[in-house]
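Let me begin by presenting the structure, written as structure tokens, before commenting on it.
Proteins come first, then strands; the chains are lettered A, B, ... in the order of their sequence lines, and each starts at number 1.
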2 protein chains.
Amino acid sequence: MEAGFRQDTIDRNPEKGRARTAPDTGTLGKAVAVLDVVARAERPMRFRDLREAIGQPPGTLHRQVSNLISEGLLQVNPDQSYGLGLRLLQFAARAWSGNRFREIAEPHLAALHEKTGETVHLGVLSDLEVIYLDKVESRQAVRMHSQIGNASPCYCTGVGKAALSALPIDDAKARIDRIAFHRHTEHTIADGAALSAELADIRAAGIAYDREEHEPGIHCVAAPIWSHDRSFVGGISVTAPSYRIAMAQLTQWADDVRTAAAAINADIEIRLGPRA
Amino acid sequence: MEAGFRQDTIDRNPEKGRARTAPDTGTLGKAVAVLDVVARAERPMRFRDLREAIGQPPGTLHRQVSNLISEGLLQVNPDQSYGLGLRLLQFAARAWSGNRFREIAEPHLAALHEKTGETVHLGVLSDLEVIYLDKVESRQAVRMHSQIGNASPCYCTGVGKAALSALPIDDAKARIDRIAFHRHTEHTIADGAALSAELADIRAAGIAYDREEHEPGIHCVAAPIWSHDRSFVGGISVTAPSYRIAMAQLTQWADDVRTAAAAINADIEIRLGPRA
DNA sequence: CTGATTCATTCCATATAATGGAACAGCGTT
DNA sequence: AACGCTGTTCCATTATATGGAATGAATCAG
């Protein structure tokens with residue numbers, strides 16, 4: 001419908017394995033496991049579908065589902081299939097507008113977009129994935145929602161690699177060992193050794209490139225941002241289609257991206273630092 | 001920053017009382033109660049603040065918070081304050097893109113916008129509030145996220161009144177009795193009797209108007225949509241600033257809005273009906 | 001239309017997880 | 001250095017979730 005060059009769909013990745021931070025333990029863990037199944041489902045899920053996906057006895061699952069519904073986290077469609085509840089939308093609206101990093105980065109993203117004219121992203125590292133928090137785009141091409149909140153692998157995105165480069169080296173190493181690499185394009189980094197090597201370069205340069213490693217025909221230049229204690233790492237990027245913007249242009253933007261990221265880091269330190 | 005005429009902020013309403021569907025009972029209920037407090041907080045909430053807001057003993061609250069964090073539903077900012085977790089953004093992205101009603105309504109909203117040139121909304125009734133699921137807007141003026149997922153009172157919005165009119169009368173009556181009316185503008189409906197009276201008109205006409213009842217200077221024309229069993233009711237609306245669009249113009253659009261809503265209802269019946 | 005079968009829901013004794021008081025640790029303040 | 005304020009950990013107790021079995025509803029075959 002719209003002229004977005006980047007795929008408009010939600011996670012077409014063939015990687016079906018969940019990158020959960022926590023095990024499905026405890027009452028809460030089991031509850032979000034149910035939400036997770038519903039969220040990741042591609043076809044409408046009815047009760048029996050959930051049952052085989054979750055593997056809980058019917059009575060148990062039924063009560064879990066009931067509780068989720070009464071909390072508004074889950075809902076039943078008229079055709080008996082389950083969908084995520086509207087309460088999640090409410091929460092997300094707050095999660096987004098109340099996010100301090102997004103708030104701090106916002107003007108810098110706008111400025112960077114102003115300078116380059118291309119799409120600017122803000123992403124945060126969440127375990128092994130990058131979650132996009134914001135984007136600034138020239139035309140109202142792609143619908144925002146299709147991108148914000150979406151997760152992409154960290155090893156084949158500019159923001160992801162930038163974020164990894166901001167982690168303490170042993171932390172980064174530990175995460176890399178847990179990555180299940182998948183070739184999204186012919187340029188995708190395929191193993192941990194190659195990724196570690198590239199991260200060394202990224203650390204030295206303060207700049208990461210995605211050379212059509214995630215989506216064919218899309219490349220980007222990114223720089224890391226972080227909080228003082230590295231409990232938060234993320235990145236910003238300028239993304240463009242390679243048919244229109246040459247790699248040489250990206251490298252020219254590198255300084256702008258690095259400068260913008262540095263400015264964001266300074267703001268984070270001031271507004272969220274230990275002495276805030 | 002942008003030229004949005006409708007307020008860009010999240011819920012400035014003075015109504016602080018929560019419109020919870022469920023009591024804070026059960027492990028899950030207590031967990032979302034914590035999320036709710038964080039979501040509704042206006043200043044940064046630290047552990048101490050949560051403690052007084054929730055009223056749980058420190059040990060208990062600490063574990064609840066820890067569990068929420070390990071599930072990614074909550075996170076700690078570097079300055080020790082809590083924020084909603086990124087997992088909620090991921091879930092919401094799916095809740096939105098996977099929402100059947102939104103999906104079905106989408107082309108009709110686009111067509112309605114094409115015809116009127118003004119902002120078109122899709123909202124769903126959730127207990128006593130309307131939650132906006134989608135909007136189509138001419139310029140990329142207001143950021144989508146500031147609107148989608150937001151909740152507004154049902155008694156002073158076009159979509160809300162339209163949705164109420166689609167409920168079985170006793171259900172509507174029961175909900176009206178629970179509304180805490182608040183005068184947002186001088187035109188806001190102030191009591192249940194007035195609302196019931198207006199709902200009768202809306203049922204007869206199939207059209208609801210918001211005559212600057214929520215935001216001064218903003219009015220809209222809306223029509224209800226629903227599922228066959230009324231487990232879902234909502235509405236669509238065309239919204240405009242009154243300085244630019246006269247009431248007479250809104251009444252001229254009423255037929256278009258009603259027609260669009262009817263088309264959506266037909267699609268819902270076909271795609272989500274009992275024999276789907 | 002009837003009977004058989006599958007699936008969803010309810011119930012309740014049991015197993016499990018959440019609770020909260022108390023004791024501990026970290027840190028800034030007096 | 002001792003105090004007070006917050007946040008964190010521990011563990012016996014208590015409340016909650018669990019899941020097998022029974023019931024009810026819906027679907028399908030004959």
State the CH2-CG distance between B:Trp226 and B:Asn265, to the nearest 0.5 angstrom. 4.5 Å

Whole-Å distance between D:dT14 C1' and B:Lys30 NZ? 11 Å

Distances under 3.5 Å only, N/O to N/O: pair up the protein atoms with those of nucleotides 7-9 of chain D.
residue	atom	partner	partner atom	Å
D:dG7	OP2	B:Arg48	N	2.9
D:dT8	OP2	B:His62	NE2	3.2
D:dT8	O5'	B:His62	NE2	3.1

Whole angstrom is fine here: how far is it from CD in A:Gln64 over to C1' in C:dA8? 15 Å

How many Å lie between CG on A:Asn67 and C1' on C:dA17, as a whole number? 15 Å

Gap between atoms CG and C1', on B:Leu61 and D:dT6 respectively (whole Å): 12 Å

Going from CG on B:Leu74 to CD1 on B:Ile69, what distance comes out if it is rounded to the nearest 0.5 angstrom? 5.0 Å

Whole angstrom is fine here: how far is it from CD in B:Gln56 over to C1' in C:dA18? 10 Å

Atom CG of A:Leu50 and atom C1' of C:dA8: how far apart are they, to the nearest Å? 13 Å

The reported gap from CG in B:Leu128 to CG in B:Leu164 (rounded to nearest 0.5 angstrom) is 8.5 Å

Strictly below 4.0 Å, N to O, side chains only: are B:Lys30 and B:Asp36 in salt-bridge contact? no

Would you call B:Asp79-A:Arg271 a salt bridge at under 4.0 Å N-O? no

What's the CD1-P distance between B:Ile54 and C:dA18, to the nearest Å? 16 Å

Protein-nucleotide distance (A:Glu71, atom CD; D:dA17, atom P), rounded to Å: 11 Å

For A:Thr27 and C:dA18, is the shortest distance between a side-chain N/O and OP1 or OP2 below 4.0 Å? yes

Which atoms form the tightest heavy-atom contact between B:Ala260 and B:Ile236, and what is the distance? CB-CD1, 3.8 Å

